[in-house]
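Working notes, structure below.
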Amino acid sequence: MRTIIEPFRIKMTEALPITTRSEREALLASAFNNVFLLDADHVTIDLLTDSGTGAMSDRQWSALMLGDESYAGSRSWRRFEQTVREITGFKHIFPTHQGRAAERILAATRLQKGNVVPNNGHFDTTRANIEYVGAVATDLPSTEARELQSEKLFKGNMDLGKLEQLIEAEGGNIPFCMLTVTNNTGGGQPVSMENVRSVKDILNKRGVPLIIDACRFAENAFFIKEREQGFADRSLLEIAREMFSLADGATMSAKKDGLANIGGFLACNNDSWADGFRNLLILTEGFPTYGGLAGRDLEAISVGLLEALEQDYQRYRHATVEYVASALISRDIPIVRPAGGHAIFIDAAAFCPHLRASDYPGIGVVNALYLEGGVRAVELGSVMFGKPAPGGGEEIPAPHELVRLAFPRRVYTQSHFDYLIEVLDAIGRQRASIEAYRITEQAPFLRHFTAHYERAG
Ligand code: F0G
């Protein structure tokens with residue numbers, strides 16, 4: 001059959017709020033034109049993030065009932081540990097309440113002021129946790145990652161030449177190197193097994209450990225199976241195992257490929273690293289056999305991690321992203337290509353050539369999406385990444401003006417995506433009227449969450 005169907009049917013429904021255009025105009029105005037300040041109850045299709053927003057399966061919901069809430073040594077912990085070990089092979093596994101808690105423990109115990117951590121692309125919480133302890137987070141994306149339109153298959157790869165140079169220059173000042181699979185900030189682009197192996201070979205020469213930011217490890221495994229020679233006949237579990245076997249540890253947000261609404265873990269092989277992790281975990285998250293999670297969460301994650309590795313699920317998930325991507329390409333709506341694993345990124349600068357970076361075209365597109373169809377997306381452009389100019393004046397714009405449409409897992413059906421395409425089609429036809437915005441109020445850090453905007457025109 002040509003149609004790749006959702007490999008599930010629906011047993012429980014959640015009503016979607018449907019609003020009128022005039023209601024949305026009033027709602028957006030009262031949210032100071034910032035969709036982060038809207039109530040979710042006023043959003044019809046919420047594509048703000050794929051994190052913690054997925055639907056759990058019947059198997060996960062029933063696993064919740066098996067949760068053992070014992071403080072120490074619970075049955076649910078044993079199951080969690082066994083599952084994570086089955087997938088990753090790591091010796092020491094610590095549950096955390098989400099990904100950034102794992103990052104915080106890793107950074108606080110292994111980094112010192114002035115250390116350098118290379119990554120193909122730090123996610124913002126990873127960067128913030130590294131910088132919080134005074135270390136330097138360095139992004140080394142491959143050159144093709146910067147070419148938005150290039151159709152290269154593994155645009156999440158790390159630049160090996162730059163890594164070698166950095167290792168040469170910084171040597172013993174690099175306590176670990178990270179690889180983010182898939183590279184979220186780089187457009188959800190995958191990292192090839194060959195790249196992971198080459199990174200590991202380079203690091204081995206100087207004894208630098210490799211830590212995988214594994215949030216979307218199963219989506220990355222699917223890309224490897226589809227796109228990399230020699231993997232077509234391997235299961236996603238085998239591919240994931242091979243990737244983790246090249247690493248010394250991992251941080252994980254189970255809110256993505258754990259198919260859960262909360263949770264994460266930190267893992268490693270080194271006994272003395274594990275001692276440090278354990279001590280800080282007890283101080284800030286909880287006893288090592290629950291680490292900030294309820295026993296029932298550990299159960300749901302144990303099921304979810306394996307469901308994320310099911311071939312039919314990943315095939316449907318990637319088909320959904322591809323379906324929307326090809327509809328946008330055929331309507332001449334510029335997107336980062338090829339489409340990523342968990343999201344589509346619209347190139348708002350190319351979409352709105354009449355706007356300058358200082359007009360915040362990403363905000364114009366995000367707000368047009370909401371006004372047109374109650375769709376919520378997020379700007380990744382000069383509001384999020386712009387920097388104040390030294391000495392005042394116009395701020396330094398971000399390298400790209402992107403809008404991310406992140407796809408929650410197993411939540412929306414094809415007709416929801418047809419609706420999304422219709423909304424984008426309507427905006428595409430009126431693209432010349434997408435408006436410029438100005439910031440009227442902003443916080444000193446992470447201003448995109450709370451900024452107030454007004455139309456500049
Ligand atoms: N690493 C990556 C690559 C991520 O995408 C995220 C979260 C984290 C770490 C942190 O995990 O949220 O569980 O603490 N990304 C979400 C997003 C928030 O919308 O992309 P967390």
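All ligand and atom numbering here is 1-based and tracks the order in the structure. Values reported hereafter were calculated over all heavy atoms of this structure, with side chains retained and with hydrogens, waters and symmetry mates removed.
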Between [X] and [Y], how do the two ring planes meet: parallel, tilted or perpendicular, split at 30° and 60°?
{"X": "Tyr71", "Y": "Phe287", "value": "tilted"}
{"X": "Phe94", "Y": "His92", "value": "parallel"}
{"X": "Phe32", "Y": "His452", "value": "parallel"}

For ligand 1, find out whether one of its N or O atoms is nearer than 3.5 Å to an N or O atom of [X].
{"X": "Thr182", "result": "no"}
{"X": "Gly99", "result": "yes"}
{"X": "Arg100", "result": "yes"}
{"X": "Thr180", "result": "no"}

Looking only at protein heavy atoms, which one is nearest to [atom], and what is the separation?
{"atom": "atom 13 (O) of ligand 1", "value": "Ser253 OG, 2.7 Å"}
{"atom": "atom 8 (C) of ligand 1", "value": "Phe123 CD2, 3.4 Å"}
{"atom": "atom 7 (C) of ligand 1", "value": "Lys256 NZ, 2.6 Å"}
{"atom": "atom 21 (P) of ligand 1", "value": "Gln98 NE2, 3.3 Å"}
{"atom": "atom 1 (N) of ligand 1", "value": "Asp213 OD2, 2.7 Å"}
{"atom": "atom 10 (C) of ligand 1", "value": "Thr125 OG1, 3.5 Å"}

Checklist entry - Side chain, backbone, both or neither: which part of Lys255 comes within less than 4.0 Å of ligand 1 when only heavy atoms are counted? => result side chain
Checklist entry - Do Arg278 and Asp275 meet the salt-bridge criterion of a basic N to acidic O distance under 4.0 Å? => result yes
Next on the checklist: Using a strict threshold of under 4.0 Å (side-chain N to carboxylate O), is an ion pair present between Glu151 and Arg337?
Outcome noted: yes
Does [X] have a heavy atom less than 4.0 Å from any atom of ligand 1?
{"X": "Arg216", "value": "yes"}
{"X": "Gly264", "value": "no"}
{"X": "Arg404", "value": "yes"}

Would you say the ring centroid of [X] lies under 6.0 angstrom from that of [Y]?
{"X": "Tyr360", "Y": "Tyr437", "value": "no"}
{"X": "His318", "Y": "Phe223", "value": "yes"}
{"X": "Phe8", "Y": "Tyr313", "value": "no"}

Checklist entry - Which ligand 1 atoms does Glu103 reach within 4.0 Å, using its non-hydrogen atoms? => result 1 (N), 8 (C), 9 (C), 10 (C)
Next on the checklist: Holding to salt bridge (Lys or Arg N to Asp or Glu O under 4.0 Å), I want the full list of residues that pass it with Arg85, two or more places apart in sequence or in another chain.
Outcome noted: Glu81
Checklist entry - Going by atom types alone, do Glu6 and Thr413 pair a side-chain donor with an acceptor below 3.5 Å? => result no
